[in-house]
Amino acid sequence: MNLLSRAARPLALLLPFALVATPLPAQEAPVPVVPAPKYLQTGDQTPWIYRGSDVPRDKEWLFGELPNGVRYAVRHNGVPPDQISIRVRIDAGSLYETDAEQGYAHLLEHMTFRQSKYLGDGEAIPKFQSLGATFGSDTNAQTTPTQTVYELDVPNADNAKIAEVMKLLSGMIQEPTLSAKGLSEDLPIVLAEKRERGSQAERVSQATRETLFHGQPLANRLPIGTEKTLNAATPATIRAFHDRWYRPDNTVVVIAGDADPQMLAGLVEKWFGNWKGKGPKVPAPSFGEPVAPSGANPDRPVGETRVLVEPDLPRTLTYAVLRPWHQVNDTIVYNQGILLDAVAQAIINRRLEARARAGGSYLYAQVQDDKPSRSADATFVSFAPLTEDWQTALTDVRAVIADALAEPPTQEEIDREAAELDVAFSSQVEQRSVLAGSKLADDVVNAVDIREAVAAPETVLQVFRGMKDQLTPSNVLKHTRELFKGRVERGIYLTPKEGEATAEVLRDALLKPVQADSSSRLAAKTISFSELPPVGKPGTVTAQAPIGVLDIEKVSFANGVNALMWANDAEPGRVTVKVRFGSGYRAFDAKDAVYASLGQKALVPSGVGPLDIEDLDRISNGRKMGFDFKIDDAVFTFTAQTREADLADQLYLFAAKLANPRWDANPVKRAIAADKLAYETYSTSPEGVIQRDLAYYQRNKDARFATPTPAQLDVATPEGFRKTWEPLLKQGPVEILIFGDYDKAKAIEALTRTFGALPAREAIPAAALARTEEFPPSSQPTTVLHHRGDADQAAAVISWSTGGGVANLPESRQLQILANLFNNRLLDEMRERTGASYSPQVVSDWPEDLKQGGTITALGQLKPGDVPTFFAAADKIVHDLQTTPASAEELERVTEPLKQMITRASTGNTFWLWQLEGATTDPRRIAMLRSLLTDYSRTTPQAMQALARKYFGAEPGWKLAVIPEGQKLATRKGGADDDGNVASR
């Protein structure tokens, strides 16, 4: 009998439901001959990743080590079905570069994709797209200070495709072409990436590295490199870097996927087994150690400090206690120490957060232990002062920490944090069967990078539960004190105001003794759901019936509340709950729009009935519960990931928020302070201005979508917040979606006591229902905004109006194909051909809950002089899309990844929840599922041409440019300038 795996069942049910047309039979590729692996480490052999460790092996992984030094790890994983995730890790990043090679590791990563032994010039990305891999998500690479990792997720992967991919990857890693032509094409792309990163925020990051890691390579070894060293690169110097570090003994291959692991191991050995390094092995460079300056006080070795002034950035202060990083044996005892450290940090962070919530001198504060880039073992303390009185904020933060160093925590505090860890580890065990192969592969790569082993979720939980007798006040105090001991302490203060501080004043402030403050310790308090008031009189079910999709049912209650419920075991231990209610952005007008922004941050923290935010934390302690709030175009939503044991209480919290909300003032005041501190940061880069203003201008200056200014925030009050939000929580129909691993009968009973018990809902006002989203006139001149960042940075946006609503969902899906086709062409032009923009993108947005408001938008970051080039390229592409049908091969590069994306996503409950939300009030959404897969994956050149003519031919695109202050908009590259339609806020 052929039984489908649990993870594959949703897909199997989708296919006959969604595929209207019958696909043509595919020609089967020949089954590759794969030799049996010879170098698996089995039996009594200790796998390479567990050497020096007593952590029990995760037996689902198979490990091997080839005679040439290549190490590998492979395992079977069926999530999502038919996908394999491959990672090739090279033990070389920016810390392996010489002064003259800065940026070479990253540049080499780009050139590796350009051309190699089995791939011609520029063939890699199209080839992988034709295999169904999406560029940027399925096909990617990353360079860090310590490693370069090539990442490929291949969907619909049969044995022949896997063998082909392994062949291609082996050629890329071992024999990239590294030609002068390739360098000339990739260098502008890397320089564009560097330019797009350059900003005040990047300068702060660099200054922080230079200060905290003073005297170590990490201080000035950014993976992006410098313009001087990048421009000096030659094929010979890049080749020398490759030959020195791209060696089999520096390489780890990791594969997790829906395939026979023996075959995967055989493929690694076949394609990487004959690789030989060039020349003698070069030892890894020293990353240095943190060292205190001469004469530093050994009891408080404060070293380098710095004050950085950036007028448009909010105040932040970071100091670090640094210790040398040393290679450790990843033993159980070592991991128990890590867990004790985690409890110690969590206790301090909870106390710091309690003080901030109460209206302290800082917006937020956090303590974090980390081992960045194997360069230090450090404890970082970061916080944001609310005012220019940063010294008081520093004293307050240090006083909380001083208390944690002086006196042990209570057992109740320890138990509280331990309960949080226990539920996290338990959830990992429950959900291990649905962990994606990409996540598992990444976990092994990360373990290799930090020189540690990997452990099965059961092992982690067992180790943690086996150390409960170690979770004592004295032990936690000991680990807390160790976290704040080190060779040197360094600090950096960022301020927008010149003269507010100096490095010497900051050093003195760090050296100054502080009095321990125990006022933020949280007193013991027990809260139980059984003690909370009922939502109302339990309701009754008036209808319960299947909707005709899978085993999903619609349940209706007498008060008008409706629920969509799908109880299944596809994702063990996981339940997703989403509540839709009210009118979303339609609820607001210009006078109360400021409270829309504040609501996203303050509505949930304002509390529920008798529970303030601290009580909400307590009552959910040791539980898997959530409370995410979002404002959509036409609806408000609560969302949570929970589990069956906590589902009833999760439903209570959501329902009680609607029936009996609380209106604490401090969360609103804190949200106002946060928004005011953040506002000026938007002006520091083109990307920030786009984030702040695009929605506002793209909706024809609709105040509902404007980022509130400091002046608007100054007049906002907690009283105004309540006046705005209180009626909104009472309005509109309520829909609940519960998808996951739970008992349906018990969930319905819980719904009768929660959402079924809500009072009758008020109607959404006619004025709100009448509000629409308008697109700006495309005939107007380019809207020009300005930023205060680097003078060589700009952004360009061009957008077309499309549509909205459920009735035209099939067309919106075809629009996604058109947008992706546009995206590929724009990427080829602006990145590959001209090197003008590193990551231009085209996005299609279609609001399903509104009949209009959709857009197709192209965006790119570039030099100010290249803005006209971007607009010209976009205009030419949309013209070509209308006049010349795309080739079948070009369409396949788009439709195959989309088909694979939908196929993979359909194995999860969340996919179905997204597709069906709103279906209780608009059943057409259910019918639209029938064409879902074909809408996204099947089209014709003629259909795309017609769609392009419909939306691109009706009117020219609306254009927006963000350029530096003091500059005018270029009308042509290197030509005259024009003020355009200059706008500012």
I'd like a table of donor-acceptor pairs (distance under 3.5 Å, sequence neighbours excluded) in which one partner is a side-chain atom from residues 524-533, with atom names and distances.
residue	atom	partner	partner atom	Å
Lys525	NZ	Asp615	OD1	2.9
Ser528	OG	Ser530	N	3.1
Ser528	OG	Ser530	OG	2.7

Checklist line | Thr576 side, atom OG1; Leu647 side, atom CG - distance, nearest 0.5 Å | finding: 10.5 Å
For residues 747-754, dump all side-chain donor-acceptor pairs below 3.5 Å to protein atoms at least two apart in sequence or in another chain.
residue	atom	partner	partner atom	Å
Glu749	OE1	Arg753	NE	3.0
Glu749	OE1	Arg753	NH2	2.9
Glu749	OE2	Arg753	NE	3.0
Thr752	OG1	Glu749	O	2.5
Thr754	OG1	Ala750	O	2.8
Thr754	OG1	Leu751	O	3.4

Item checked: Pairwise distance CG(Asp675) to OG(Ser597) - rounded to 0.5 angstrom -> 4.5 Å
Check: Would you call Glu458 and Arg432 a salt bridge, using N to O less than 4.0 angstrom?
Finding: yes
Notebook entry, point to check: Do you see a donor-acceptor pair shorter than 3.5 Å between the side chains of Ser519 and Asp517?
Noted result: yes
Margin query: Whether the side chain of Trp390 engages the backbone of Arg315 through a donor-acceptor N/O pair (distance < 3.5 Å, no angle test) should be reported.
Written below: no
Margin query: I need the Thr642 OG1 to Ile738 CD1 distance, nearest 0.5 Å.
Written below: 10.5 Å
Check: Has Lys744 got more than 12 heavy atoms of other residues, nucleotides or ligands less than 6.0 Å from its NZ?
Finding: yes
Next item on the list: Decide, yes or no, whether a salt bridge links Glu353 with Arg357 under the criterion of side-chain N to carboxylate O below 4.0 Å.
Entry: yes
Notebook entry, point to check: Is the closest side-chain heavy-atom distance between Glu413 and Arg351 below 4.5 Å?
Noted result: yes
Next item on the list: Describe, in one word, how the ring planes of Trp725 and Phe721 are oriented to each other, choosing from parallel (under 30°), tilted (30 to 60°) and perpendicular (over 60°).
Entry: tilted
Margin query: Just so I know, are the side chains of Thr472 and Ile414 near enough to count as touching, which here means a heavy-atom distance under 4.5 Å?
Written below: no
Note to self: Regarding Ser361 and Asp396, do their side chains bring together a donor and an acceptor under 3.5 Å, going by distance alone?
What the structure shows: yes
Notebook entry, point to check: With ring centroids as reference points, do Phe638 and Phe627 lie under 6.0 angstrom apart?
Noted result: yes
Item checked: Six-ring centre of Tyr679, Arg692 cation under 6.0 angstrom, axis tolerance 45° -> yes
Checklist line | Gln345 versus Asp369, closest heavy-atom pair with distance | finding: OE1-N, 2.6 Å
Check: Is any side-chain heavy atom of Leu550 less than 4.5 Å from a side-chain heavy atom of Phe739?
Finding: no
Note to self: Tell me the closest heavy-atom pair linking Gly756 and Asn559, and the distance in Å.
What the structure shows: O-ND2, 3.2 Å
Check: If every non-hydrogen atom of Pro385 is compared with every non-hydrogen atom of Leu317, which pair is closest and at what distance?
Finding: CD-N, 4.5 Å
Next item on the list: Would you kindly say whether Asn909 and Asn568 are connected by a side-chain donor-acceptor distance under 3.5 Å?
Entry: yes
Next item on the list: Enter the distance from Lys601:NZ to Phe629:CZ here, rounded to the nearest 0.5 Å.
Entry: 11.5 Å
Note to self: In the structure I gave you, are the side-chain heavy atoms of Lys578 and Ile736 within less than 4.5 Å of one another anywhere?
What the structure shows: no
Next item on the list: Over all heavy atoms of both residues, which pair between Gln712 and Thr709 is shortest? Give the atoms and the distance, please.
Entry: OE1-N, 2.8 Å
Checklist line | Test log, rule salt bridge (Lys or Arg N to Asp or Glu O under 4.0 Å), inputs Arg623 and Glu420 | finding: CA-CA 7 Å; Arg623 317 282 295 275; Glu420 294 290 282; over 6 Å; no
Item checked: Val668 to Asp664 - nearest heavy-atom pair and separation -> CG2-O, 4.0 Å
Next item on the list: Show the numbers, then the answer: is there a side-chain contact (heavy atoms from CB on, under 4.5 Å) between Val635 and Asp632?
Entry: CA-CA 5 Å; Val635 70; Asp632 288 330; 3.9 Å; yes
Margin query: For Phe705 together with Tyr585, are the ring centres under 6.0 Å from each other?
Written below: yes
Notebook entry, point to check: Hey, mind stepping through Asp714 and Lys676 against salt bridge (Lys or Arg N to Asp or Glu O under 4.0 Å) and telling me if it holds?
Noted result: CA-CA 9 Å; Asp714 281 338; Lys676 288 178 66 175; 2.6 Å; yes
Notebook entry, point to check: Does a side-chain heavy-atom distance below 4.5 Å link Glu553 with Leu564?
Noted result: no
Checklist line | Check: Ser426/Arg465 side-chain N/O donor and acceptor closer than 3.5 Å | finding: yes
Next item on the list: Scan side-chain atoms only and decide if Ser382 and Gln366 contain a donor-acceptor pair under the 3.5 Å cut-off.
Entry: no
Note to self: Strictly below 4.0 Å, N to O, side chains only: are Glu417 and Arg350 in salt-bridge contact?
What the structure shows: yes
Margin query: Looking only at the side chains, is there a donor atom on one of Glu571 and Gln431 sitting less than 3.5 Å from an acceptor on the other?
Written below: no
Note to self: For a quick test of reading the model, state the closest non-hydrogen atom pair linking Leu603 to Lys657 and the distance between them.
What the structure shows: O-NZ, 2.6 Å
Check: According to the interplanar angle, ranging from 0 to 90°, do the rings of Phe636 and Phe581 count as parallel (below 30°), tilted (30 to 60°) or perpendicular (above 60°)?
Finding: tilted
Note to self: Whether the Ser556 and Asn562 side chains hold a donor-acceptor pair (N or O, under 3.5 Å, no angle test) is what I'd like checked.
What the structure shows: yes
Check: Per the side-chain hydrogen bond (donor to acceptor under 3.5 Å, both in side chains) rule, which among Asp849, Thr921, Thr637 passes with Arg580?
Finding: Asp849
